[in-house]
Structures are given as structure tokens and as C-alpha cells.
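What follows is one structure encoded as C-alpha cells, with my remarks underneath.
Just so we're clear, the structure is a prediction, and the values are computed from it rather than from any experiment.
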Amino acid sequence: MKKVTVVTTEDILIKLCNSVTKVFNAATTRSVQYSAMVQKIHKTCLRPDIGCFVLFDGGFSGLVVINFSAASAMEIYRDYMLHMGIPENELASQHTQDDVSNVMGELMNQIVGDFTSTVGKELQTSITQNQPKMLTINKQVQLSVDTNLDRPQARRVTFTTSNNNIFYLELAMDKTEFIQLHDFEAPEDIDPDELINQARETTSHKPVAKEQKELPDQDLFDELGI
């Protein structure tokens, strides 16, 4: 008898963690890794120094929270901006500056976008996200974020940057399982840069037709004395 494949909350969490490392590694060209151990928690919270959260809904509902320390946020921000070619003297110097929040919010948006795309391909369902919200939080303030979940499950994962700075990912979602009924092939990822390069190669190898000009009849030239 064929073994039934079941996807649980932990499997979905792994997909989210892989999206985090994929986006941060590509954006900064440096290594970000997550712990092999996951922590069960009762609720998700925004914590100092920078908290970011995104709600998603659709095939299943949930909430993603990433809490950055000032050091981890500044490291990721600086590596990303330097990789983009921004001069170091133009970078923000404090994690409380708007530029840092804007960059971290954009990276968070890419993370959840990659996660929703993965869910669509591998779990054959669809979820939508809202715009990420970034908050710079004083150490004496803790803000809890609640979402409407019937049977909530919450998990917390520790991430480490290449400079050993720590940040935390928290996921709250409905308790759910995806059971595979039959085999299917997930569509391959489409790389826009690769498509552009293929189009350029096709154009460069395409023979260019020489412009053909119709020559007037020579007899007509003779009659006109040309």
C-alpha cells in the first residue's frame, strides 16, 4: 500500500525558514542559518529592538513575526545596502532610522512572497499576505499581536547571522495537515534573469535579414538617359 504523505505545521515552518535564509543570503551574500531545534510557544509577540509582522490568509491563516536585535538588523541592513552598491558613508548609523525599517520591511515582504509561492507550488493551495508592518520598540515595551485562529499553534525559531547576531522568527497558524491524495510535480522556479538571458541569446543568434532594395529597371534608366 502506498504511504500517505502528510504535511504538518513543522513542515510548513521549515518552508518559511528556508524562505528567510534564501532571501537574506541572496540579499546580503552572507550566510544566515537557523537552529535545528524549534520552540513551542503560547503566543507571538513583538520584541525589542525591531519587530516586524505579516498576516496571511487563504488556504490556511496565520501570522509571521520576526524580532531583530539592533545588532542583527544593522548587520543585515548594512550588508544588503553595500551589496546594492550604496556607499558606506550614506548608510544609516542607528537601527531607529527610517531607512533601516524600510529595508527590513522590504526584505520581510520578499520572504513572505517567496513563502506564499512555495506553498502554492508544493501544497497546491493559495495564501495571500498583507503589507509587512515594522515597529521600533523600546526595551520596556512588549506588544502582543493576535489574529483570528480557530486552533492556534505557535512556534519560535532562532536565526544566527554570519557575525553571530541573533534574531527570532515566530509563526502562529491554524492547526492543520495537508494530506497528499496523488502524485504531482511541482512547477519549477522561473528565474527572470535567466529568461532575459535566453531571450538575448536567441536574438543574438537570429540571422539579420539584409535589407532588400528594389532596383529600378535598367531599361528605364537608358530611356531617361541616366
Side-chain angles (χ1 to χ4, degrees), residues 9-10 12-25 27-28 30-57 60-81 91-116 129-149 151-175:
T9 300
E10 279 66 35
I12 295 174
L13 177 62
I14 290 174
K15 299 180 190 301
L16 178 58
C17 290
N18 288 339
S19 291
V20 173
T21 57
K22 175 182 176 181
V23 170
F24 281 157
N25 290 348
T28 65
R30 303 186 71 182
S31 177
V32 172
Q33 300 178 336
Y34 61 91
S35 170
M37 301 298 292
V38 58
Q39 181 181 2
K40 287 186 176 182
I41 56 178
H42 297 295
K43 62 179 180 179
T44 56
C45 296
L46 293 175
R47 307 173 189 274
D49 293 302
I50 293 181
C52 183
F53 69 94
V54 177
L55 292 165
F56 59 86
D57 197 8
F60 57 93
S61 300
L63 168 70
V64 178
V65 177
I66 299 185
N67 293 307
F68 299 95
S69 65
S72 63
M74 288 302 296
E75 179 186 348
I76 293 171
Y77 161 78
R78 287 175 59 82
D79 288 344
Y80 171 71
M81 297 296 278
L91 301 183
S93 58
Q94 299 291 332
H95 74 278
T96 53
Q97 293 178 251
D98 290 342
D99 198 28
V100 178
S101 294
N102 292 338
V103 167
M104 302 309 291
E106 170 57 28
L107 293 176
M108 182 72 168
N109 193 45
Q110 293 181 30
I111 289 168
V112 182
D114 185 83
F115 172 63
T116 58
Q129 68 182 83
N130 69 352
Q131 191 67 22
K133 305 295 188 300
M134 296 289 301
L135 293 174
T136 303
I137 303 174
N138 187 289
K139 290 186 177 180
Q140 282 73 38
V141 177
Q142 188 176 74
L143 175 65
S144 295
V145 181
D146 296 322
T147 186
N148 294 323
L149 301 176
R151 293 183 300 164
Q153 289 188 317
R155 302 288 187 267
R156 190 173 188 228
V157 181
T158 302
F159 283 76
T160 308
T161 68
S162 57
N163 287 345
N164 292 320
N165 290 311
I166 303 296
F167 64 92
Y168 300 96
L169 167 73
E170 297 182 6
L171 170 66
M173 60 174 288
D174 283 322
K175 183 178 181 180

Taking C-beta and beyond as the side chain, do [X] and [Y] meet within less than 4.5 Å on heavy atoms?
{"X": "Val20", "Y": "Phe115", "value": "no"}
{"X": "Asn67", "Y": "Ile50", "value": "no"}
{"X": "Ile66", "Y": "Phe159", "value": "no"}
{"X": "Val65", "Y": "Arg47", "value": "no"}
{"X": "Phe167", "Y": "Phe24", "value": "yes"}
{"X": "Asp49", "Y": "Ile137", "value": "no"}

Value rounded to 0.5 Å, distance of [atom1] in [X] from [atom2] in [Y]:
{"X": "Thr96", "Y": "Met74", "atom1": "OG1", "atom2": "CE", "value": "9.0 Å"}
{"X": "Leu46", "Y": "Lys133", "atom1": "CG", "atom2": "NZ", "value": "11.5 Å"}
{"X": "Phe68", "Y": "Ile166", "atom1": "CZ", "atom2": "CD1", "value": "12.5 Å"}
{"X": "Thr161", "Y": "Gln33", "atom1": "OG1", "atom2": "CD", "value": "10.0 Å"}
{"X": "Leu13", "Y": "Thr9", "atom1": "CG", "atom2": "OG1", "value": "8.5 Å"}
{"X": "Ser69", "Y": "Glu75", "atom1": "OG", "atom2": "CD", "value": "9.0 Å"}

- [ ] Mark yes or no for whether Ser72, through its side chain, and Asn165, through its backbone, hold a donor-acceptor pair below 3.5 Å.
- [x]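 No: the side chain of Ser72 does not pair with the backbone of Asn165.
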Task: Any donor-acceptor pair under 3.5 Å from Asp174 side chain to Gly62 backbone - done: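 Pair absent, no side-chain N/O of Asp174 close to backbone of Gly62.
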Open item on the list: My understanding is that only one of Lys40, Lys15, Lys175, Arg155 makes a salt bridge (Lys or Arg N to Asp or Glu O under 4.0 Å) with Glu10; could you say which?
Closed with: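 Per the salt bridge (Lys or Arg N to Asp or Glu O under 4.0 Å) rule, the option paired with Glu10 is Arg155, out of Lys40, Lys15, Lys175, Arg155.
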For the student: nearest non-hydrogen atoms of [X] and [Y], plus distance:
{"X": "Ala92", "Y": "Asp99", "value": "CB-CB, 4.4 Å"}
{"X": "Thr21", "Y": "Tyr34", "value": "CG2-CD2, 3.7 Å"}
{"X": "Thr44", "Y": "Glu170", "value": "CA-OE1, 3.1 Å"}
{"X": "Val64", "Y": "Phe56", "value": "CG2-CE2, 3.6 Å"}

Task: Stepwise side-chain contact (heavy atoms from CB on, under 4.5 Å) check, Leu63 with Val54 - done: CA-CA 6 Å; Leu63 168 70; Val54 177; over 6 Å; no
Identify every side-chain donor-acceptor pair in residues 101-113 under 3.5 Å, counting partners at least two apart or on other chains, and give the distances.
{"residue": "Asn102", "atom": "ND2", "partner": "Asp98", "partner atom": "O", "Å": "3.3"}
{"residue": "Glu106", "atom": "OE2", "partner": "Gln110", "partner atom": "NE2", "Å": "3.1"}
{"residue": "Asn109", "atom": "OD1", "partner": "Gln129", "partner atom": "NE2", "Å": "2.8"}

Task: Check: Thr28/Asp79 side-chain N/O donor and acceptor closer than 3.5 Å - done: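 No, no side-chain donor-acceptor contact under 3.5 Å.
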TODO: Could you walk me through whether Arg30 and Asn163 pass side-chain contact (heavy atoms from CB on, under 4.5 Å), step by step?
DONE: CA-CA 10 Å; Arg30 303 186 71 182; Asn163 287 345; 3.2 Å; yes
